K.L.:
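To start, I am sharing the structure in question, which I have written as C-alpha cells.
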Number of protein chains: 2
Amino acid sequence: MSPCMMGLARIGRTRRTVPASPLLQSRRLAASDRDHGDLLDLCRRRNFLLGEEMTPPSVLGGGHSLGPLGAQLKRNFVQEWWDAMVLHREQVLPIESLCHLPVTSNPSPRAAMMTLPKSCLGQNQDPTREELGKMADLRQDLLYGALHNYLSCLDLLNRKLPFGIAEVGRCFHPITDKDICRVGEKTAASLAWFSSAKTCTQWRDYWLRQRLLWWRKFAQVPSRFTSDDQHDEEGRKKAVIQYEFPWGKETIEHLSSMDDSALTQIHHGPVANLHGRDGRKSIIPHVVWVSGDVERGLLAYLSDALQVTENPTSRGRDQRRMVLKIHPSLAPIKVAVDLGKGPAADLRLVCQGLCTELRGRGISVWPGYLETLQTPMEQLFTKYDETGVLFTALVSDTTLQSGLLQLRSRDTTIKETMHISKLSDFLTHYMTAALKL
Amino acid sequence: MSPCMMGLARIGRTRRTVPASPLLQSRRLAASDRDHGDLLDLCRRRNFLLGEEMTPPSVLGGGHSLGPLGAQLKRNFVQEWWDAMVLHREQVLPIESLCHLPVTSNPSPRAAMMTLPKSCLGQNQDPTREELGKMADLRQDLLYGALHNYLSCLDLLNRKLPFGIAEVGRCFHPITDKDICRVGEKTAASLAWFSSAKTCTQWRDYWLRQRLLWWRKFAQVPSRFTSDDQHDEEGRKKAVIQYEFPWGKETIEHLSSMDDSALTQIHHGPVANLHGRDGRKSIIPHVVWVSGDVERGLLAYLSDALQVTENPTSRGRDQRRMVLKIHPSLAPIKVAVDLGKGPAADLRLVCQGLCTELRGRGISVWPGYLETLQTPMEQLFTKYDETGVLFTALVSDTTLQSGLLQLRSRDTTIKETMHISKLSDFLTHYMTAALKL
C-alpha cells in the first residue's frame with residue numbers, strides 16, 4: 001500500500017473506532033479547553049468564517065459570512081446532502097421557495113409560530129415597528145414552503161404517496177445581542193416527507209437513522225454525533241441530532257412528525273384536493289419533517305476534524321501542530337500545486353498544465369505556484385494542514401527531467417514520489433475510495 | 001452515427017447557425033405572439049415555476065418559487081456558472097455573505113443607493129414604517145459583500161492582484177404591484193474583479209466576452225443573446241447582456257467598472273491596508289463587477305429551448321407539439337425509465353437496478369416505472385418532451401430476454417435499440433460531447 005493510501009486507510013480506521021481509546025480520550029479532554037479557542041481562531045485565521053469577535057454564540061447564531069474556504073466547504077457539504085437526499089432517492093422532489101412568506105390577512109397557525117420570541121421583547125416592551133416589520137414575513141424555516149407547494153408536487157407524481165419535498169435555503173431568526181434585537185441567518189437543509197398515518201412512525205425512525213448515518217459518514221469521531229429526544233415549547237416530542245462541541249452539545253438537525261392538520265391548516269380549498277394515493281386508499285398524508293442547520297453542521301465537522309498535537313521538541317515557542325483532518329469529500333481544496341527547486345518559468349508552465357488537467361476532472365486546486373514571494377516549505381505545509389488541503393504536489397527540476405513529482409499527504413505527512421501523469425487518476429481514485437470507507 | 005448521437009449533432013448545428021434561416025425566422029415570428037403565453041403556460045404546467053397568475057413582470061420580478069424542475073434546472077445552471085467562474089479560474093475566490101447588511105449609523109454611499117425607488121414612494125407619500133424597515137438592510141446585490149470582504153481575500157492571496165471574488169446568493173428588491181409595495185427576490189451570480197487601473201478596461205472587455213460566450217454556449221439560438229451599452233441612473237456607462245424574449249429584450253446580466261473609490265468608501269481604516277501587489281507596484285485596485293440574474297437567465301434558456309411545431313395532420317384538436325430542447329448540461333432530468341410490455345414485477349426490478357446505476361454516475365433519472373396508473377405512451381412522450389427529458393428508456397420483455405431496451409430521443413423522436421449495460425456509458429459520453437460542441 002502506498003503511503004498516501006495508508007493515510008486513507010487511517011481515516012477508515014478512525015471512523016470505525018467509535019469509542020476512542022482511553023489514551024486518546026485523556027489527551028483530547030486535556031486539550032478541550034484550548035480546542036474552543038483553537039477552533040474559532042482557525043476559522044478566522046484560515047478564512048472559513050469572516051468577521052471579527054467570533055464567539056460560539058455569534059457563530060452558532062449565524063452572524064458571520066463564509067470566507068473562501070467556508071464557502072467551498074459549504075458547497076461540498078450541500079452537494080453531499082443533495083446526492084444523499086435528492087439524487088439517490090426515488091421519490092424526493094426539490095423546490096426553491098421565496099424567503100418572504102406571502103402576506104395574508106388571516107395569519108395561519110404557522111405564521112403565528114413565527115412571532116418574535118419573548119427574549120426579544122423582554123428587554124424592551126415596545127420594540128420599534130421596524131424590528132417587528134423586518135422579521136414578520138421572512139421565513140424562519142423551510143416547512144411552510146414545502147407544505148404550501150405540496151399540491152404541485154403531488155400532481156407531478158400523479159398523486160402517489162409517499163414522497164418528499166427537499167429544499168436548501170437561507171432562513172432568518174431574531175437574535176438578542178446586548179439588548180439589541182437583530183436578524184440572524186442560517187442555511188437550512190430540509191426534507192418534508194408525506195406518508196400515510198400508519199407508516200409515519202416507521203418513516204420517522206427511518207429518516208432519523210439515515211440522517212445519523214449520514215452525519216457519521218464524514219466524521220473522524222462518529223460517536224460525537226448522537227441522537228436524542230426533546231420536547232418543543234408546545235410539549236411535542238421531536239428527535240434531535242447533536243454534536244458534542246468543546247463547549248457542550250448543540251443541536252445540528254431536528255426531526256418532527258405532524259398529523260394531517262399540517263396540510264389542512266395551510267390549504268383552505270376543498271380537502272379532497274389534498275388526497276394522495278396510498279396503495280388503493282385515498283388519504284391526506286402525515287408529515288415527517290427533517291431540518292438541518294448547514295452552518296452549524298460545518299462548524300461541527302470543522303471541530304471534529306481539528307487535531308492539535310504537541311511537538312515534543314518544542315523550544316519555548318508554540319510548537320503545536322494543527323491539522324484539519326476533514327473528510328476528503330468535504331475538503332474545500334483537494335490539492336495544492338507548488339514549486340520546488342528549479343527554473344521557475346519552466347516549472348510554472350508544468351504547474352499550469354497540471355492544474356488545468358486536475359480542474360478538468362472537477363478537482364479543486366490551490367495554485368500555490370503563482371506565488372512570487374518565497375515562503376519556507378514548512379510554513380506552507382502548516383498553512384495547508386490548517387486548511388485541510390489533502391495533498392501538496394511539488395513540481396521541481398526532477399519533474400522536468402523525469403516527470404516525477406513529490407506528493408505530500410496531509411494525514412501522514414509522508415512525501416511520496418509519483419509520475420505527473422498519474423496524479424489526477426490517483427486523486428480521483430482516492431476521493432472515490434474515501435466515500436466508500 | 002447512431003440516431004441518438006444525430007440528435008446531439010443537430011444541437012451543435014443549430015447552435016452554430018447564428019442567424020436563423022429566413023424560412024425559420026418567418027415561422028418563429030408568426031408564432032411569437034403565442035410563444036409568450038406558451039412559455040409561461042409551460043413553466044406553470046410542467047412545474048418549472050410555482051404559483052398562479054404568471055405574467056412576464058411577475059416572473060421577471062422574482063415573484064415565483066421554483067418547482068421541482070425549475071429547482072433542478074437552476075442547480076445545473078449554477079453548477080455551470082461555478083465551474084466556469086470559480087473552479088476553472090486561477091484567481092477567483094468564492095464567498096458567502098449575509099443577506100442583511102450591517103447596520104451603521106453613518107450610511108455609506110452604497111447604502112444610500114439602496115433606498116426605495118421613487119415609484120414605490122410615488123403613490124403613497126407616507127409609506128408605512130414597516131415597508132421601509134423591511135427593505136432597509138436587505139442586500140439588493142452582492143457587490144457590498146465582495147467589497148466588504150476584500151481584505152480577507154487579499155490576505156489569503158498574499159496581497160497579489162488581480163483576483164476575483166465570486167458569490168451566488170439571494171438578493172431583494174422592492175416592487176410595486178397595484179400600488180402595493182412588496183419585496184421581490186432574485187438570485188444573483190456575481191463576480192467582483194480587482195485589478196490595476198491600467199488593465200481595468202481590458203479586463204472589462206475580457207469578462208464581457210467571456211460572459212457572452214458562456215450564455216451562448218448553452219443556447220439553441222445563440223444570436224438571441226446580445227451585449228449592449230447602457231447608462232445607469234447616475235449617467236455611468238455599463239455593459240449589459242440581454243436576451244430577446246417573445247415580448248422584447250430584457251437584461252439578464254450587467255457589467256460595470258468602478259475606480260478605487262469603490263473600496264475606499266467601504267473601508268474606513270488606513271488606505272495602505274487596501275493596497276495589493278500588481279507586479280512590483282503597490283496599488284488600490286479598480287473593480288470590474290459582473291452580476292447576472294439567475295432566474296431571468298433560466299427563463300431566457302427556457303424561452304430559447306421551447307420549440308412549437310404545428311402538426312399537419314391536425315384534426316380540429318390542438319395538435320401542436322411542444323418540445324423543450326434545453327441543453328443537455330442544463331436539462332433537469334436526463335433520462336426517464338419506463339415500463340413497456342411484459343411482466344410488471346420483473347420489469348420493475350430491472351428498472352430499479354438501472355436507475356441505481358445511473359444515479360451512481362450522477363445522472364438524474366425520472367422513475368416513470370414506479371407509476372401504477374397506465375398512461376398511453378404518446379402522452380408520456382409529450383410530457384417528457386415538454387419537460388426537456390433528453391431520453392426515455394423503455395424496459396420491456398425483450399429486455400428480460402436479451403438485455404436490449406428501447407431508447408427514445410427527445411430531439412429526434414427516433415427510437416434506438418441499446419443494450420442495458422451500455423446506457424450509462426452512452427449518457428455520460430453524450431453529456432461530455434454536448435459540453436464540447
Side-chain angles (χ1 to χ4, degrees), chain A residues 47 50 62-72 74-75 82-83 87-88 90-91 93-100 103 128-134 136-137 145 148-149 152-153 155-156 158 160 165 167 169-170 172 182-183 185 277 352 355-356 359-360 362 364 367 370-373 375, chain B residues 47 50 62-72 74-75 82-83 87-88 90-91 93-100 103 128-134 136-137 145 148-149 152-153 155-156 158 160 165 167 169-170 172 182-183 185 277 352 355-356 359-360 362 364 367 370-373 375:
Chain A
N47 293 289
L50 298 172
H64 296 275
S65 296
L66 298 178
L69 288 155
Q72 185 64 51
K74 178 175 169 184
R75 206 175 153 73
W82 187 272
D83 282 356
L87 181 69
H88 290 288
E90 301 268 59
Q91 299 279 61
L93 299 174
I95 61 163
E96 204 172 293
S97 60
L98 299 174
C99 291
H100 285 80
V103 183
T128 55
R129 290 176 65 90
E130 283 105 316
E131 287 308 322
L132 285 167
K134 268 178 213 171
D137 55 358
H148 186 70
N149 295 311
S152 309
C153 296
D155 275 347
L156 195 61
N158 252 334
K160 191 165 180 288
I165 299 180
E167 182 172 6
R170 197 68 69 95
F172 305 87
R182 290 187 302 114
V183 181
E185 301 182 18
R277 289 186 289 125
Q352 195 175 19
C355 287
T356 308
R359 289 193 183 103
S364 69
L370 288 179
E371 184 52 64
T372 43
L373 296 181
T375 314
Chain B
N47 292 290
L50 298 172
H64 296 273
S65 296
L66 298 179
L69 288 155
Q72 186 64 53
K74 178 175 168 184
R75 207 176 152 72
W82 187 272
D83 282 357
L87 181 70
H88 291 286
E90 301 269 60
Q91 298 280 59
L93 300 174
I95 61 162
E96 204 172 292
S97 60
L98 299 174
C99 291
H100 285 82
V103 184
T128 56
R129 289 174 68 88
E130 283 104 318
E131 288 308 322
L132 286 167
K134 268 179 214 170
D137 54 359
H148 186 71
N149 295 311
S152 308
C153 296
D155 275 348
L156 195 61
N158 254 335
K160 190 164 180 288
I165 298 180
E167 183 172 7
R170 198 68 69 95
F172 304 86
R182 291 187 301 113
V183 182
E185 302 183 17
R277 289 186 289 125
Q352 196 175 19
C355 286
T356 308
R359 289 194 184 103
S364 68
L370 288 178
E371 184 51 65
T372 44
L373 295 181
T375 314

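Owing to the predicted nature of the structure, the values given are computational and were not obtained by experimental measurement. All chains are named by letter (A, B, ...) in the order of the sequence lines, taking the proteins before the strands, and each is independently numbered beginning at 1.
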K.L.:
Flag the one option from Ala71(B), Cys355(B), Gly362(B) with the top tally of heavy-atom pairs under 4.5 Å to chain A.
P.N.:
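The residue among Ala71(B), Cys355(B), Gly362(B) with the greatest pair count is Ala71(B).
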K.L.:
Measure the spacing between CG of Leu373(B) and CG of Asn158(A) and express it to the nearest 0.5 Å.
P.N.:
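One finds 5.5 Å between CG of Leu373(B) and CG of Asn158(A).
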K.L.:
Name the option with the most non-hydrogen atom pairs under 4.5 Å to chain A; the candidates are Pro68(B), Gly67(B), Pro367(B), Gly145(B).
P.N.:
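So the answer, after comparing Pro68(B), Gly67(B), Pro367(B), Gly145(B), is Pro68(B).
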K.L.:
What I'd like to find out is whether the side chain of Glu90(B) reaches to under 4.5 Å of the side chain of Gln352(A), using heavy atoms alone.
P.N.:
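When only atoms from C-beta onward are counted, Gln352(A) and Glu90(B) do touch, with a gap below 4.5 Å.
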K.L.:
Within the side chain of Arg359(B), is there an N or O that forms a donor-acceptor pair under 3.5 Å with the backbone of His88(A)?
P.N.:
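Pair absent, no side-chain N/O of Arg359(B) close to backbone of His88(A).
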K.L.:
Considering all heavy atoms of both residues, which atom of Asn47(B) and which atom of Ser152(A) are nearest to each other, and what is their separation?
P.N.:
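Minimum heavy-atom separation between Asn47(B) and Ser152(A): OD1-CB, 3.3 Å.
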K.L.:
Drop me the distance from Leu93(B)'s CG to Gln72(A)'s CD, to the nearest 0.5 angstrom.
P.N.:
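The distance works out to 10.5 Å.
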K.L.:
With a 4.5 angstrom heavy-atom cut-off, is it the side chain or the backbone of Pro94(A) that approaches chain B, or both, or neither?
P.N.:
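Contact with chain B: backbone and side chain both.
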K.L.:
Is His64(A) in contact with chain B via its backbone, its side chain, both, or neither, using a 4.5 Å heavy-atom distance?
P.N.:
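The backbone, not the side chain.
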K.L.:
Which one of Cys99(B), Ser364(B), Cys153(B) has the most heavy-atom pairs closer than 4.5 Å to chain A?
P.N.:
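The candidate making the most pairs under 4.5 Å is Cys99(B).
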K.L.:
Between Leu50(A) and chain B, with a heavy-atom cut-off of 4.5 Å, which part of the residue counts as in contact: side chain, backbone, both or neither?
P.N.:
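Contact with chain B involves the side chain of Leu50(A) alone.
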K.L.:
In terms of heavy-atom proximity below 4.5 Å to chain B, should Glu167(A) be classed as side chain, backbone, both, or neither?
P.N.:
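It is neither, since no heavy atom gets under 4.5 Å.
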K.L.:
For chain A, which of His148(B), Arg277(B), Lys74(B) has the most heavy-atom pairs under 4.5 Å?
P.N.:
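Ranked by heavy-atom pairs under 4.5 Å with chain A, first place is Arg277(B).
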K.L.:
Could you measure the distance from the CG atom of Leu98(A) to the CG atom of Leu66(B)? Nearest 0.5 Å is fine.
P.N.:
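Between atom CG of Leu98(A) and atom CG of Leu66(B) there are 8.0 Å.
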K.L.:
Side chain of Glu185(B), backbone of His100(A): donor and acceptor closer than 3.5 Å?
P.N.:
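Pair found, side chain donor or acceptor close to backbone of His100(A).
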K.L.:
Rounded to the nearest 0.5 Å, how far apart are NZ of Lys160(A) and CG of Leu370(B)?
P.N.:
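Answer rounded to 0.5 Å: 5.5 Å.
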